[in-house]
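Report on the following structure.
Because the structure is a prediction, the values reported are computed rather than measured.
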Amino acid sequence: MIKKPDKTGAVLVVGSGIAGIQASLDLAESGYYVYLVEKEPAIGGTMPMLDKTFPTNDCSMCILSPKLVDCGRHLNVKTLTNSEVTGVEGEPGNFKVTVKTKARYIDVAKCTGCGSCADACPVKVDDAFNQGLSKRKAIYKLYAQAYPNAYAIDSSKCLKFKNLNNDKLCGKCLKVCQAGAINHHMQDEETQIEVGSILLVPGFETFDPEQLKLYKYGELKNVVTSLEFERILSASGPFGGHLVRPSDHKEPAKIAWIQCVGSRNCRINHGYCSSVCCMYAIKQSVIAKEHADYDLNTSIFYMDMRTYGKEFEKYYERSKKQYGVNFIRSRVYGLDPGENDNVKIRYALEDGTVITEEFDMVVLSVGLEPNKAAVELAKQLGVELNQYNFAAVPQLTGVATNKPGIYVAGAFSGPRDIPETVMQASAAAGEIQKLLAEAKGTLTKVKEYPAQKDVAGEIVRTGVFVCHCGINIGSVVDVPSVAEYARTLPGVVYATDKLYACSQDASAQIKEAIEQYGLNRIVVASCSPRTHEPMFQETLKEAGLNPHLFEMANIRDHCSWVHQNEPAKATEKAKDLVKMAVKKAALLEPVQPITLPMNHDALVIGGGVAGMNAALNLADQGYQVYLVEKAEELGGIAKRIRYGMGGEDIQAYLNQLIDQVKNHDKIKVYTGTTVTDVHGFMGNYETELSNGEQIKHGVAIIATGAAEYKPKEYLYGHNTRVHTLLELESMIAEGKLKNSNNFVFIQCVGSRDDERPYCSRICCTKAIKQALKIKEMKPGANVYILYRDIRTYGYFEDLYTEARRKGVIFVRYSVDNKPKVEETSTGTKVTFVDHVLNRPIEIYADIIGLASAIVPNDNTGLSKLFKVPVNAEGFFLEAHLKLRPVDFGTDGVFMCGLAHGPKNLEENIAQAKAAAGRAATALAKQNIQTDGKAAFVNKRKCMACGVCVEVCPAKAATLVTDERGNTAAEINPALCKGCGACSSSCRCGAINVKGCSNEQIIAMVQAVSW
């Protein structure tokens, strides 16, 4: 008899934005059943409202839509839309939750999403999704790609609800709904569910600028919020992505963005920095310029430009140099009406000069606020909130709350961007897996697919689906004409165009077309296969076709995006791409996956805080972990950190962490050891260590940390008064500065320059924290911080505020006129130009603290061994900046901590747990499946020259001699990534790649010359 686990193997996730969806998918893939609760009638959160994301300019819905589809059809995720949690009782491992589902007055199971009801509805109301810039009907679908693909009725606006028993009152929707899905008599329902853990990811709200009268929001017609501007830019927005201003729908010639609206403002208890506003303003200004086919003038009014994330500083510099965005450091005094509904901005420059300038539009970069409904739920659950009503996360936990078993992630724990939100979601999933490890797999189901149709010998019958992607493609490419052209191509028996080919209804229609027209090849012409190909392949599997009978033509990246000023040529190119895809599809053959056993052990490389947290998380889930550290002791760079940003005792935390790792029966620690060789693939890695030991493992996490830049400037190493911040921190902690009175901190030493064009993220906060420690130790000390931009994002802004109040003096310097440090007969002199006085200032400093850069360790060796990339600066490069921030493109290898890029200790801990959470999605599987698209060798042609062995990046090619003494190349299909390096290098044409054979490539080339 199998013993029932003491804990429930289900999880409640409250909130369905990108964090909720990511956490749900991670948990479901790891063996847990998920209830995903969303108060709106569709999942997705705020992200569907956005136009594009930074710094890659990916379409927000292109990022989200595959996740929506995956979440919607996952057997182990139950979405409860139009729902809210009304009661929770129980304890960690066994919570009983009451969920109230409000009547949507539409039967989701019957609704086909056709829209006939909305067409017939006579009632128009402000569309909240479009920020009130357009109207919707009283019966509506939240957004075009919404899941579930069903409408909902707004009972407060519907005429029928004035008297449900009066048949003469409206009811037009009832008459046109052929599916019989509408029921005005539906009642709210309550559901009791049992879960082992709860994750709160309810997202955020934006600040209402009507609270600040100086901006005259609501009075001046062309003053809009940043979220309203997102909808103006969006292809699915009120103006179809055409950049116009709300008052007269004319194209603006001059647009201004005003930063910190509702952020960094202590008078309204919004003393924190909202963290994302600087970057989204830059993104919007760049995208606006791309939307305009004229010379659009864009200006951003700001105090400090906070581009501290990975690749953000480069985006900032590119916006200035490549796009010509104007950045005006200033203080805005107010907005006034101008001519023709223009807006005048009164502002002061740094030297006090007051200027009035007129703009066609002004965008208010509004800050983030906690979700009000979530605040009430948190209070009901007993979850502590901070002074700003965001969830209070206990120090150095990343995603925990004061209530065991309840976790938070995303913007409800504090303002953060998409990569951090996704990371935190995976981190929370990792912590929940640790809590509920004994109940893993007890409630989940395995998805079953229909038997695959045997298409061997069948006449090719291709279906082509061409996507408008709103106007991302449709505004440039004549999509209907491309679909019409596709119908004329040999082998094509069905072709059509779709507004959004990645939506739930389009997926259903593809399956219907496969059945109705007997399709045995599918071509989708839309956006990037990098994000969408797996989703479409899953659709084929659900329809009974082999997923590799699918081909994708990228007519967004290759046509509409790069040829937006040449629509006719872009359309012709799209036709050529579709023709090539159709020709290749005709030669596609089924490819069968390869199933192999899964090794459930994990290797973690790096014994710093990130590596140890990742190891502990996996070990607590029950997996054997091998932790390899090149130094003789665990701890990494954290051994030099004395004070946490929140005042934590880092050494006490570190010692406890080391003890936990060393004493864990599931963790084997190797110190003074390095990785010397790696073979294998996900599920079956074999790694050799410098001590000669061989470790077999299924996944690997790289957490090799980073180093402190040793400055070559400011007399460092030549003057005993000059120290880096880490050196200075030890001196403060050891009481060595009691006789010092004048302190000067110099920021951006080795960061944000030509050699290291990135922000090191933590330096501003670190310097301010040390300045406060000095003021605490010696209140009369003179402390100066010389900076370019103060980047105290999130709650760190409170430290900046405190420092100013305690007399720390902040002076900005220009990159073209950096401070100078000189040894003189009377002492060490620091000279800088005051940005207000515009004159040089001299200070004789007792101590000079240099905020030196975080620089990557030498990751070249591991990069080659694991076949994982690094970026231009040497930090490891993630598979996708937004979707997969801790994954590599190489399956089964993950990253975390400073090896990924600069971040503070709390963020390192969260990312470590995220890497463990993502690794667990692989380790939870009993077997692994490769997609089978591997290279194969025609041994009769092979000359055994060995070139393929030399060029194979995955080490999949070897030379094998058979029993007859014949030597030929052989490809391990489990290792092969299908990159084609061997095939393109083969001198005798003996190697081909399944799904991308030489014949298929030649057919595509020939297709262009028809």
Side-chain angles (χ1 to χ4, degrees), residues 10-30 32-50 53 58-85 129 142-149 195 197-204 371 374 399 407-413 416-433 444 500 502-504 507 531-532 534-535 538 879-887 914 917-918 920-921:
V11 181
L12 172 67
V13 177
V14 183
S16 74
I18 188 67
I21 291 172
Q22 180 67 50
S24 296
L25 289 173
D26 282 350
L27 288 163
E29 287 297 304
S30 300
Y32 301 91
Y33 194 83
V34 179
Y35 296 95
L36 179 58
V37 174
E38 170 55 51
K39 64 180 180 180
E40 297 292 340
I43 64 175
T46 305
M47 202 162 172
M49 298 182 188
L50 308 182
T53 65
D58 288 314
C59 292
S60 297
M61 279 309 298
C62 287
I63 288 177
L64 186 63
S65 57
K67 298 271 188 182
L68 285 173
V69 175
D70 289 346
C71 202
R73 63 186 172 193
H74 204 294
L75 271 185
N76 297 314
V77 179
K78 182 176 180 59
T79 56
L80 300 169
T81 53
N82 251 33
S83 300
E84 59 185 9
V85 174
F129 183 81
L142 194 62
Y143 57 94
Q145 297 118 300
Y147 180 85
N149 179 37
V195 297
S197 182
I198 298 170
L199 172 58
L200 302 179
V201 280
F204 61 88
N371 185 304
V399 292
Y407 301 89
V408 293
F412 187 49
S413 63
R416 63 192 77 254
D417 62 11
I418 294 171
E420 287 183 73
T421 295
V422 172
M423 270 189 264
Q424 277 208 321
S426 293
E431 288 292 271
I432 291 168
Q433 290 172 56
T444 53
Y500 293 103
C502 60
S503 63
Q504 293 278 328
S507 176
T531 53
H532 285 64
M535 185 197 74
E538 180 74 6
H880 191 287
L881 189 66
K882 307 290 182 180
L883 290 175
R884 300 172 66 192
V886 298
D887 298 53
R918 292 291 299 147
T921 63

Report yes if the side chains of Ile432 and Tyr407 come closer than 4.5 Å at any heavy-atom pair, otherwise no. yes

May I ask you to decide if Lys39's main-chain N or O and Glu84's side chain share a donor-acceptor pair within less than 3.5 Å? no

From CG (Leu64) to CG (Leu50), nearest 0.5 Å: 9.5 Å

Apply side-chain contact (heavy atoms from CB on, under 4.5 Å) to the pair Tyr33 and Lys78, showing each step before the final yes or no. CA-CA 8 Å; Tyr33 194 83; Lys78 182 176 180 59; 3.4 Å; yes

Any chance you could measure Asp887, atom CG, to Arg918, atom CZ, to the nearest 0.5 Å? 4.0 Å

Could you walk me through whether Val886 and Met423 pass the side-chain contact (heavy atoms from CB on, under 4.5 Å) test, one step at a time? CA-CA 7 Å; Val886 298; Met423 270 189 264; 3.8 Å; yes

Where is the tightest heavy-atom contact between Ser24 and Val34, given as atom of each residue plus distance? OG-CG1, 3.5 Å

Would the distance check show the side chain of Tyr147 and the main-chain N or O of Gly72 forming a donor-acceptor pair, the cut-off being under 3.5 Å? yes

Heavy-atom side-chain proximity of Leu883 to Lys67 below 4.5 angstrom: yes

Interatomic spacing from OG in Ser65 to CD in Gln145 - rounded to 0.5 Å: 6.0 Å

Please report the closest heavy-atom contact between Thr921 and Asp26, naming both atoms and the distance. CG2-O, 3.5 Å

Carefully, step by step, assess Gln433 and Leu27 under the rule side-chain contact (heavy atoms from CB on, under 4.5 Å). CA-CA 7 Å; Gln433 290 172 56; Leu27 288 163; 4.1 Å; yes

Residues Ala429 and Ala23: closest non-hydrogen pair is CB-O, 4.2 Å

The side-chain contact (heavy atoms from CB on, under 4.5 Å) partner of Leu12 among Leu36, Val85, Leu200, Leu80 is Val85

Nearest heavy-atom pair of Leu25 and His74: which atoms, and what distance? CD2-CD2, 4.2 Å

Heavy atoms only: give me the nearest Pro148-Thr81 pair and the separation to one decimal. CD-CG2, 3.8 Å

Taking C-beta and beyond as the side chain, do Val195 and Val11 meet within less than 4.5 Å on heavy atoms? no

Under 3.5 Å, side chain of Glu538 to main-chain N/O of Pro534, donor-acceptor pair present? no

Ser30 side chain vs Ala28 backbone, donor-acceptor pair below 3.5 Å: no

Give, for atom CD of Gln424 and atom CG of Leu199, the distance between the pair rounded to the nearest 0.5 Å. 10.0 Å

To the closest 0.5 Å, what do you measure between CE (Met61) and OH (Tyr500)? 8.0 Å

Main-chain N/O of Gly44 paired with Ser16 side-chain donor or acceptor, under 3.5 Å: yes

Taking atom CE of Met535 and atom CG of Leu68, what is their separation to the nearest 0.5 Å? 10.0 Å

Taking atom types as modelled, is there a side-chain donor on Asn76 or Thr444 under 3.5 Å from an acceptor on the other? no

To check you understand the geometry: which heavy-atom pair defines the closest contact between Val422 and Pro885, and what is its length? CG1-CD, 3.7 Å

I'd like to know whether Arg73 forms a side-chain contact (heavy atoms from CB on, under 4.5 Å) with Ser507, so could you lay out the CA-CA distance, the side-chain angles of the two residues, the decisive distance to 0.1 Å, and finally the verdict. CA-CA 11 Å; Arg73 63 186 172 193; Ser507 176; 3.7 Å; yes

Do Asp58 side-chain atoms and Ile63 backbone N/O form a donor-acceptor pair below 3.5 Å? no

